[in-house]
Undergrad: 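Once you've had a glance at the structure underneath, I'll fire off some questions.
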Amino acid sequence: MIHMNASILDGSFYFTISLLMIIVSFIGYFIYMFTTNKLASTASFVIVLGAFALQTFAFIIRWRYSYQIGIYIPPLIDLYDSLVFFAYVILFGFILLKLFYNFNSLGFIMTFISICALGFATFYPLSTSAIEPYIIPALRSYWLLYHIISLFLAYGAFAAAFGIGILFLIKYNQTHKSNKNKDTKQTIRKINPIKKIASIIFYPFILLYKQFILLSPSIDILDEAIYKVVVFGFLFLSIGIVIGAAWADNAWGGYWSWDPKETWSLITWITYAVFIHARLTKGWNEKKMAWIAVIGFIVVICTYLGVDLLIPGLHSYIAPGAAPVL
Amino acid sequence: MLSKLNKFFSSIKLAIILFILIAAVSIIGTVIDQGDTIAQYKIIYGNTVFHILYWLGFLNIYDSWYFVGLAALLILTMIISSANKLPKIIKNIVDPNTSFDYALKKNSYKAKYITLQSSKSPYEILNFAEKTFGKKFGKPVLKISGKDNNYINDGKNEKAQKTSSNADNKENNSGNFLFFSKNSIFRISPIIAHLGAIVILAGVLLGVALGYRSYTNIKVGQTVQHSYLLKNNHPVLLPFKIKLDNYVTKYYKNGMPKAYISTLTIIKKHITILTKSIRVNHPLTYDGITIYQASYGHYKPNAAQILVLNLNLKNSNKNNKRLVYAVPGKIYNSKINNIKFSFNFFKHPAKDQIPFYISVIKNDKTVGSPLVFQELPYRTKKGNMPLFFAKYNNNIAFIFAGIKTYYYSGVEITKNVDTDIVWIGSAILIFALFFSFFFNQQSLWVRVTPSENEKTNKIEILSVPHKKFASFYSMMDRLMEIFKKQI
Ligand code: HEM
């Protein structure tokens, strides 16, 4: 049986509706990608704004509900909370990028990541939206709120950097390929007949796709955006780690205990520190930076979900209340 | 030799290699469980593999010499590279190199260089430039303008010499010249960021060297003066004694724990210093040592509190009431009419049945069938409470008065030397990161020279961002449009 989080009481119903809206806007952005139809992207963006507003409303409902049942901590505790918050931050980041850089072409990637997070939250059996009227003592702390918000702002930024990185790589390869093609036009080429037929059938799509690539921002703008988004994320990752350490010092007697999640957050931090420094060495071009942004996000996903699913520790979301130290 | 070493240690490539190595070692530590016992490791890995892992230091990797060594090396490279950069950056702030040609040569890969022609006078041109570019670049750091329209080429402009001592500048910066430098002060922020990271790492290493993390379990009523290191169980003598006065777990209505509370007394040289309750997130710090609530448990099996009453008060004597702490299955002598009994649980209690019972024992044999408890309402000040009640032969009653738990409290005792250093370093790092990332230094030169035909002047505009951003170049394009319209 399919499990689905959709309760009006705890707000998850509205998140589920917003998931549907984001799917629609993803389709819109996908159409935009192949037709470069302005209307498709504008409509998609309006839907994204609507989904964001609905999620904001859902958070208010959820927050109020958790206060009503006597949990005086905002609902940012378990896997469901964190996934919907992640989707929310990603949408927020996309809206900012769209407003500042007019990044329509980013739409299909950002809405896709958001769909993954929300879809996982809504349908993954271990992620339940119900708010239990109790929380384990270690989580009864306002440090938690600031810790999580900082980290999710960072994760959202890294997701955006990932999206822009992909766009960069697509665009970069396309520009380089067309340069190469120009060089090799004169030489005689043998063409595989199947390939040729396929290329005839898909020719209109390829043409439209190339037009999309042309329309998306220039490589230099993408490169700058990757850097700015990454350093924003790095700043908040640093803040989030420090808050976490202060909290751990307060609650567990040591600011660092090499818990897997802590260690992986350090590894994430190091990955982006490498990004920041690699920019400063002359031999590393923009393409490598885009790759680090893409790989960095994979490390983020490892830290965020992989550690929970594979290695249990102090920070596990999966088993509520299963923390070995109170 | 020294300069070679210097260069080696301040290279960013080394920094990147160190970063990657530290990340790699950290990953090993998350794949192999850290800090288990030897017996556990031998079960998981087998004897040979265990010895190899042990020899490699993989079982306590974050304390291994090479991990600490990598951290120390990171500090060293940060110090050396920062120290190398610092003089240059300070000079850039207080006495920037204003030479046009030098800047052009050095920054060719990120500079934007534009030449224009204009028939306007150099004085007018510079004024336009100051107004146009000043919007984004602030006040010019240096402005040299010939008194009249003539181009002065004697190389002895007073102001130019005063502002800059650099030999290059004397040749080039005479005549009509404008130099802006925005945000140059923020060039120092990466150095401060590194300082922050150095302070954090130094604090961490100091803590590793001088502090400790330990734990101990204290029974209710017990006093201890030792605790045991988390990493290897070696005992540590504390500078005071700790007595556990009381321990309670508070629960939510559904049975989930809500709070774990230990009441502790600190005793130093037989003098009670203080008594305080600790719970998770609310530790107690005394004399540089912090005590945290970490766990709890019971050191004896739970016991039922059974009140045995003599109902037959005719032959009354003193012994008609007795409280027994009965561990399930064990035999106790009530000392009332020489009745012995044991308290037991049903293996398969029926639905709605009270799941425990009393067996009465005579001559080591159970007599009769189990005494089943009955529930009686019992009125107290707080309202009606159920009372569990069982009778034997109409003259002995057993009353179940709750469960007695022999608690111990697990506390973590840490001596964190100079965590403050870590927090100060973190604050420095975060502030400096902000300024490193969001304040880009930008320089702009404007030079006006008469060209060969003597009627028009040649205008050269050179702009250099510290960080190569597309938005900088598009901003310059916009400013150039405005500027071109004016001249
Ligand atoms: C192995 C040790 C390290 C070395 C050798 C090193 C070296 C450098 C160098 C040479 C620069 C260029 C400075 C400039 O642009 O003026 C730099 C920039 C920077 N470094 Fe490091 N670094 C190290 C570790 C760290 C660490 C641990 C951090 C912690 C966050 C850090 C943060 C930064 C930042 C924020 C910048 C400025 C980047 C920018 O403005 O884009 N560095 N580093």
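We name chains A, B, ... by the order of the sequence lines, and we start the count at 1 in each one.
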Undergrad: How many angstroms lie between atom CZ of A:Phe100 and atom OG of B:Ser471, to the nearest 0.5 angstrom?
TA: 12.0 Å
Undergrad: Hey, is NZ on B:Lys110 packed in by over 12 heavy atoms from elsewhere, all under 6.0 Å?
TA: yes
Undergrad: Identify the heavy atoms of B:Phe19 and A:Val274 that sit nearest to each other, and give their distance.
TA: CB-CG2, 3.6 Å
Undergrad: Looking only at non-hydrogen atoms, find the nearest pair between A:Pro260 and B:Thr30 and report the distance.
TA: CA-CG2, 4.0 Å
Undergrad: Measuring heavy-atom distances to chain B, does A:Ala225 have an atom under 4.5 Å in its side chain, in its backbone, in both, or in neither?
TA: neither
Undergrad: Determine whether B:Phe437 and A:Val230 satisfy the following criterion, side-chain contact (heavy atoms from CB on, under 4.5 Å), listing intermediate values before the conclusion.
TA: CA-CA 10 Å; B:Phe437 291 152; A:Val230 163; over 6 Å; no
Undergrad: So how far is it from B:Leu21 CG to A:Ile270 CD1, rounded to the nearest 0.5 Å?
TA: 10.0 Å
Undergrad: Give a yes or no on whether B:Lys415 atom NZ has more than 12 heavy-atom contacts from other residues, nucleotides or ligands under 6.0 Å away.
TA: no
Undergrad: For the residue pair B:Leu433 and A:Ser238, what are the closest heavy atoms and their distance?
TA: CD1-OG, 3.5 Å
Undergrad: Any chance you could measure B:Ile12, atom CD1, to A:Ile276, atom CD1, to the nearest 0.5 Å?
TA: 11.5 Å
Undergrad: If I compare all heavy atoms of A:Leu266 with all of B:Ser26, which pair ends up nearest, and what's the gap?
TA: CD2-OG, 4.3 Å
Undergrad: Please determine whether side-chain contact (heavy atoms from CB on, under 4.5 Å) holds for the pair B:Trp423 and A:Val242, giving the CA-CA distance in whole Å, both sets of side-chain angles, and the decisive distance to 0.1 Å.
TA: CA-CA 8 Å; B:Trp423 305 133; A:Val242 171; 4.3 Å; yes
Undergrad: To the nearest 0.5 Å, tell me how far B:Phe469 CZ sits from A:Asp223 CG.
TA: 8.5 Å
Undergrad: Does A:Leu235 form a side-chain contact (heavy atoms from CB on, under 4.5 Å) with B:Phe438? I'd like the steps, not just the answer.
TA: CA-CA 11 Å; A:Leu235 184 65; B:Phe438 300 113; 3.9 Å; yes
Undergrad: Please flag which part of A:Trp256 lies under 4.5 Å from any non-hydrogen atom of chain B: side chain, backbone, both or neither.
TA: backbone
Undergrad: Got more than 12 heavy atoms from elsewhere within 6.0 Å of CZ, A:Phe92?
TA: no
Undergrad: Nearest 0.5 Å, please: how far is CZ in A:Phe234 from CD1 in B:Ile430?
TA: 10.0 Å
Undergrad: Tell me, side chain or backbone of B:Ile200 under 4.5 Å from chain A's heavy atoms, or both, or neither?
TA: neither
Undergrad: Can you tell me how far the OH atom of B:Tyr292 sits from the CG atom of A:Asp249, to the nearest 0.5 Å?
TA: 4.5 Å
Undergrad: Could you label the plane-to-plane angle of the B:Tyr62 and A:Trp258 rings as parallel, tilted or perpendicular, counting under 30° as parallel and over 60° as perpendicular?
TA: parallel
Undergrad: If you compare all heavy atoms of B:Lys468 against all heavy atoms of A:Arg279, which two are closest, and at what distance to 0.1 Å?
TA: O-NH2, 3.8 Å
Undergrad: Show me the side-chain donor-acceptor pairs of residues 152-168 of chain A shorter than 3.5 Å, one per line, residues at least two apart or across chains.
TA:
none

Undergrad: Which bit of B:Val422 is near chain A, if near means a heavy-atom gap under 4.5 Å: side chain, backbone, both or neither?
TA: side chain
